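Okay, here's the structure, questions in a sec.
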Protein chains: 2
Amino acid sequence: MIIETTGKTGINPGHSPKPLYEQVKIYVKSRIKNGDWPCHSQIPSEHTLVREMGISRMTIHRALRELTQEGVLDRIQGVGTFVAKPPQGRITVEMKDIDQAIRDEGRLHQAQVHFHQAEPLSAEDALPLGLHEGDEVFRSYIVHRENGHPLMLEDRFVNPALLPDYLKQDFSRLTTSRYIQDSLSMLSHEQTIRAVLSTPETSHFLELASTVPCFQVNRKTWSGNKIVSMVRMVYSGDRYQLT
Amino acid sequence: MIIETTGKTGINPGHSPKPLYEQVKIYVKSRIKNGDWPCHSQIPSEHTLVREMGISRMTIHRALRELTQEGVLDRIQGVGTFVAKPPQGRITVEMKDIDQAIRDEGRLHQAQVHFHQAEPLSAEDALPLGLHEGDEVFRSYIVHRENGHPLMLEDRFVNPALLPDYLKQDFSRLTTSRYIQDSLSMLSHEQTIRAVLSTPETSHFLELASTVPCFQVNRKTWSGNKIVSMVRMVYSGDRYQLT
DNA sequence: TAGTGGTCTAGACCACCCG
DNA sequence: GGGTGGTCTAGACCACTAG
């Protein structure tokens, strides 16, 4: 382990190639990577590293804390620091907002609002929304287009108690999800994504000539313990893909 | 802002309800949440917070650094600290390894290896793998079952240079992706997920009676700048969903 | 030049675990 | 009781930005 310094007064002047704590992190990761410190083994204590590397404890501690945060190490107070098991088989897929996804590809996003109204809640929708049958909800039904071609159908229910001004918005200019995110904070989501076949309804609004495979996203949005919105989004499968 | 202490000798003995830096984080987030510090506005400098809150700079700094890491703040050296724009419309989907996903549901995972061999690379597969036509590659073709029912078809190519022992593994007991993750470190992935219709091939191996919508995942795995593996996974759409 | 954030130290007190 | 990690401080030097 070579510690890079600039040979000035202090032990590590700030314009060293990398900060000291970064060098410690790299050092620890290299020891793990080349097998010196195998999975689940205990690594030297902070005190030991302080002695061996000639670096102050706060700096060592920061390096180890950040590596713990990154999932490289596990630390147990009063016991020691251990090499964590690398996270197995977790690959994350990121779903951007539809308008952003389209614009990021350099294409034109348009939203066509088919309706946007208050309506009484049907029995089948009441339960998942956590409201009662007949309660008034806001609903919007929007087709999103990419360079003029229909890409996604959005059928959204909104809780009027939490977003009383929902009906006043112009969702041909502003995305529903953006409006919700800007209006409330600390939102959480719960969703499922299925591969489905287009139905007569989706084929009509997405202008599909035949039956094609689609992504159907069902998403609930919560603010604290209250449901803000429930949305069904159907993506034309031959024109959309997740990465 | 009330700083909780225990009234002992030091300013903040360790068993205070929350560490000081956590209290600072909560304080900052509350000022943002209730609108005192709007989006993009500059918040007080570290020095100011040190004076106003009577807390040392290292502690203030840690709180602000962690909030920056979490995307709540933006910091610019020499300029100041600003409230970050909340991340818009990014929802992440987590894909677990197939065996883990099945076992997490309390069901039985089985893998049926149809073949597992070395073969010359075809022209169409050579380009995406970054190798040349006719180069030898390892290939495995596996059906994964959930409680006996076929759930996913995995067709994988592997670079023999990086995983020479790939053919010696028993993939009815160990998942291919787990073997790869355990054998190499610092892997990165690149993938696309499409909604597709089952083909005669997938219908046969997934024992589908009719044409159904499926998820098709195409994933490349890199170790550094070398391709380790390329896999196509087809999930029976009526039996699988992403969350 | 003044003010900002970025890093580092030496020392301190603490809670926790285990023999 | 001895070792571990968790937190906090006071002060210092640095790099960067702007007026």
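Sequence lines set the chain letters: A, B, ... in the order given, protein chains first and strands last, and positions in each chain run from 1. On a predicted model such as this, the values are computed, not experimentally measured, just so you know.
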Inset, instruction - Establish, with yes or no, whether the OP1 or OP2 oxygen of dT4(D) is under 4.0 angstrom from a side-chain nitrogen or oxygen of S45(A). - result: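 Yes, because at least one side-chain N or O of S45(A) sits under 4.0 Å from OP1 or OP2 of dT4(D).
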Inset, instruction - Any strand is fair game: report the nucleotide pairing with dG19(D) by Watson-Crick or G-U wobble, both distances under 3.5 Å, or none. - result: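 WC or wobble partner does not exist here.
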Legend entry - Among dG6(D), dT7(C), dG5(C), the nucleotide that comes nearest once only the side chain of M58(B) is considered: dT7(C)
Inset, instruction - Ignoring backbone atoms, establish whether R75(A) has a side-chain N or O less than 4.0 Å from OP1 or OP2 of dG6(D). - result: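 So the side chain of R75(A) is within the cut-off, an N or O lying under 4.0 Å from OP1 or OP2 of dG6(D).
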Inset, instruction - Check every strand shown and say whether R62(B) touches a base, only sugar-phosphate, or nothing at a heavy-atom separation below 4.0 Å. - result: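 The residue R62(B) makes sugar-phosphate contact but no base contact.
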Legend entry - Charged N-O contact under 4.0 Å between E66(B) and K25(B):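 Yes, this pair counts.
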Inset, instruction - Rounded to the nearest angstrom, tell me the gap between atom CD1 in I55(B) and atom P in dT7(D). - result: 14 Å
Legend entry - Nearest-Å distance for atom pair CD1/P, residues I60(B) and dA10(D): 12 Å
Inset, instruction - Round to the nearest Å and state the distance from Y21(A) atom OH to dT7(C) atom P. - result: 4 Å
Inset, instruction - Consider only side-chain N and O atoms of T221(B) and H189(B), and report whether a donor and an acceptor are under 3.5 Å apart. - result: yes
Inset, instruction - Give one of base, sugar-phosphate or nothing for I76(A), where a contact means two heavy atoms less than 4.0 Å apart. - result: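 The answer is sugar-phosphate, as I76(A) gets under 4.0 Å only of primed atoms, P, OP1 or OP2.
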Legend entry - Under-4.0 Å side-chain N/O to phosphate OP1/OP2 contact, T81(A) with dT4(D): no
